[in-house]
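Below is one structure, written out as structure tokens; comments come after it.
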Amino acid sequence: MDTLSLSVNAVSYTVAAEIPTTDDPFSGPIKNIAPWNFTVLAVVMFVVTSLSLTENFLVMFVTFKFKQLRQPLNYIIVNLAIADFLVSLTGGLISFLTNARGYFFLGRWACVLEGFAVTFFGIVALWSLAVLSFERFFVICRPLGNIRLQAKHAILGLLFVWTFSFIWTFPPVLGWNRYTVSKIGTTCEPDW
């Protein structure tokens with residue numbers, strides 16, 4: 001057991017110090033998680049990331065290759081594919097690499113970058129789904145008559161989605177709250 005000597009007002013004290021060891025996720029794996037867990041997570045992340053990148057790339061490729069698919073509704077679907085592709089590229093790839101090593105070895109700046117990117121693109125994807133459902137509501141329920149989604153509506157919806165996501169995900173980069181390592185120590189997330 002270590003001891004700690006203190007001097008207060010010219011009186012010396014010797015205190016037995018129990019200094020807690022903190023797990024630094026940037027310097028090594030968390031001690032209370034078995035290494036095989038990270039290996040399983042790395043394999044799962046490799047499979048999920050590979051499938052996601054492939055499928056979202058195919059959606060983008062097919063839409064850009066065939067002109068008849070370039071409809072206003074498909075702008076939103078392609079936007080969803082782009083956002084999901086970017087989530088997988090940033091979050092999935094980094095999560096695979098960090099789980100393979102067992103800790104977030106890329107450092108604090110990469111943690112902030114990964115946390116921001118995954119949150120930003122994830123919110124873009126979720127709100128793209130919301131815009132799609134809003135459009136389907138107007139087509140199916142017709143609350144305002146026979147309104148159809150036009151290119152200008154789709155573009156305004158996409159501008160809203162990207163702007164809204166940026167407004168809510170960028171402040172932690174500037175220090176208003178923060179992006180931090182998750183409990184398992186291999187991914188980063190907003191510190192809600």
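- Residue Trp176 is not grouped with residue Ile123 when hydrophobic side chains (ILVMFWY) are merged at heavy-atom distances under 4.5 angstrom, including chains of intermediate members.
- Counting heavy atoms from C-beta outward, Leu132 and Leu73 have side chains that approach closer than 4.5 Å.
- The OG1 atom of Thr180 sits 7.5 Å away from atom CD of Glu189, with the distance rounded to the nearest 0.5 Å.
- In this structure, Tyr179 OH and Cys111 SG are separated by 10.5 Å, a value rounded to the nearest 0.5 Å.
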Asn74/Thr63 under side-chain hydrogen bond (donor to acceptor under 3.5 Å, both in side chains): CA gap, chis, key distance, verdict: CA-CA 8 Å; Asn74 289 346; Thr63 305; 5.7 Å; no
side-chain contact (heavy atoms from CB on, under 4.5 Å) evaluation trace for Leu86 with Asn56: CA-CA 9 Å; Leu86 292 171; Asn56 286 304; over 6 Å; no
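- Within the 4.5 Å cutoff, the side chain of Tyr103 has no heavy atoms near those of the Ile30 side chain.
- Atom CZ of Phe61 is surrounded by 12 or fewer heavy atoms from other residues, nucleotides or ligands within 6.0 Å.
- Side-chain contact of Ser95 with Thr187: a donor-acceptor pair under 3.5 Å is absent, judged by distance alone.
- Side-chain heavy atoms closer than 4.5 Å link hydrophobic residues (I, L, V, M, F, W, Y) into clusters, and following such links, even through other members, never connects Phe116 to Trp109.
- In the hydrophobic cluster analysis, where Ile, Leu, Val, Met, Phe, Trp and Tyr join through side-chain heavy atoms closer than 4.5 angstrom, Leu113 is grouped apart from Phe120.
- Atom CZ of Phe26 sits in a crowded spot, with more than 12 heavy atoms from other residues, nucleotides or ligands closer than 6.0 Å.
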Trace of the side-chain contact (heavy atoms from CB on, under 4.5 Å) decision for Phe121 with Ser165: CA-CA 8 Å; Phe121 298 131; Ser165 180; over 6 Å; no
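- Looking at every heavy atom in both residues, Ile76 comes nearest to Ser128 through CG2-O, 3.5 Å.
- Closest heavy-atom contact between Ala42 and Ala100: CB-N, 3.7 Å.
- Closest approach of Ala151 to Pro72, counting heavy atoms only: N-CG, 3.6 Å.
- Summarising the geometry, atom CZ belonging to Phe104 is positioned 5.0 Å from atom CG belonging to Leu106; distances are rounded to the nearest 0.5 Å.
- Note on Phe38 and Met45: separate hydrophobic clusters, where clusters join Ile, Leu, Val, Met, Phe, Trp and Tyr whose side-chain heavy atoms are under 4.5 Å apart, directly or indirectly.
- Looking only at side-chain heavy atoms (C-beta outward), Leu53 and Leu89 come within less than 4.5 Å of each other.
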Steps toward side-chain contact (heavy atoms from CB on, under 4.5 Å) verdict (Val118, Glu114): CA-CA 6 Å; Val118 170; Glu114 190 238 358; 4.1 Å; yes
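- Atom-to-atom distance recorded for Ile77:CD1 and Met60:CE is 14.0 Å, nearest 0.5 angstrom.
- Heavy atoms from other residues, nucleotides or ligands lying under 6.0 Å from CZ of Phe57 number 12 at most.
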Chi angles and distances behind the side-chain contact (heavy atoms from CB on, under 4.5 Å) call for Val43, Phe96: CA-CA 7 Å; Val43 170; Phe96 164 70; over 6 Å; no
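- Asp84 places no side-chain N or O within 3.5 Å of a backbone atom of Ala81 that could act as its donor or acceptor partner.
- Results of the side-chain contact (heavy atoms from CB on, under 4.5 Å) test with Leu51 over Thr54, Val48, Val47, Thr49 single out Val47 as the only residue that passes.
- Between the side chain of Arg70 and the backbone N or O of Phe64, at least one donor-acceptor pair lies under 3.5 Å.
- Taking CG of Leu58 as the start and NZ of Lys65 as the end, the distance is 12.0 Å to the nearest 0.5 Å.
- Distance check, rounded to the nearest 0.5 Å: OG of Ser52 to CG of Leu93 gives 12.0 Å.
- In this structure, a donor-acceptor pair under 3.5 Å is present between the side chains of Thr186 and Asn99.
- Looking at Leu126 and Val161, their side chains never come closer than 4.5 Å, going by heavy atoms from C-beta outward.
- Considering Phe164, Trp168, Trp162, Phe170 as possible partners of Phe166, the one that fulfils the ring pair (Phe, Tyr, Trp, His ring centres under 6.0 Å) test is Phe170.
- Phe46 and Val87 are not part of a single hydrophobic cluster, where members link through side-chain heavy atoms under 4.5 Å apart.
- Residues Pro29 and Ile33 fail the side-chain proximity criterion, which asks for heavy atoms closer than 4.5 Å.
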